[in-house]
Amino acid sequence: MIAASPISSQNEEALAFAHVRRVKRFYVHLMQYVLVITVLFVVNILTNPHYIWAAWPALGWGVGIAFHGLMVFDKVPFLTADWEKRMVERKLGRPL
């Protein structure tokens, strides 16, 4: 069995850590969304229960959260981790 070179191993580790940081930022973003939207709905119900205006910011921010999640979990085909790696390799002029 061929051992991985230290450089490629370090690159893989750096990419893995970068991905974990992106996932962590997504979950923090999601928690912020849930907290703020919950507060908005409570304020909405207490101040004007006949018109649910809090649904508008929930919808707008929710679309942003959805796109954030799609990108973090590589569901957008042209912006995946493989795409990032290819772009870095192209910029460096060598494989990672």
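The figures that follow rest on heavy atoms only: side chains count, while hydrogens, waters and symmetry mates do not.
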Got a second to check how far Ile65's CD1 is from Gln32's CD, nearest 0.5 Å? 8.0 Å
Between the OH atom in Tyr27 and the NE2 atom in His68, the distance rounded to the nearest 0.5 Å is 11.0 Å
Carefully, step by step, assess Val28 and Met31 under the rule side-chain contact (heavy atoms from CB on, under 4.5 Å). CA-CA 5 Å; Val28 168; Met31 287 186 294; 4.2 Å; yes
Can you check whether Pro49's main-chain N or O pairs, donor with acceptor, with Asn44's side chain at less than 3.5 Å? no
Are [Y] and [X] connected into the same hydrophobic cluster when the rule is that any two of I, L, V, M, F, W, Y join if their side-chain heavy atoms are below 4.5 Å apart?
X	Y	result
Ile45	Val36	yes
Tyr51	Val39	yes
Leu59	Ile52	yes
Tyr33	Val23	yes
Val63	Ile37	no

Hey, what's the ring geometry for Phe26 with Phe73, parallel, tilted or perpendicular (30° and 60° as the breaks)? perpendicular
Can you check side-chain contact (heavy atoms from CB on, under 4.5 Å) on His50 and Asn48, steps first, answer last? CA-CA 6 Å; His50 302 295; Asn48 189 6; 4.1 Å; yes
Minimum heavy-atom separation for Val34 and Thr38, please, with both atom names. O-OG1, 2.6 Å
Closest approach of Phe41 and Ala58, non-hydrogen atoms and distance?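 Result for this residue pair: CE1-CB, 4.0 Å.
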Going by heavy atoms in the side chains, are [X] and [Y] under 4.5 Å from each other?
X	Y	result
Leu40	Trp53	yes
Leu15	Val88	no
Phe17	Glu12	no

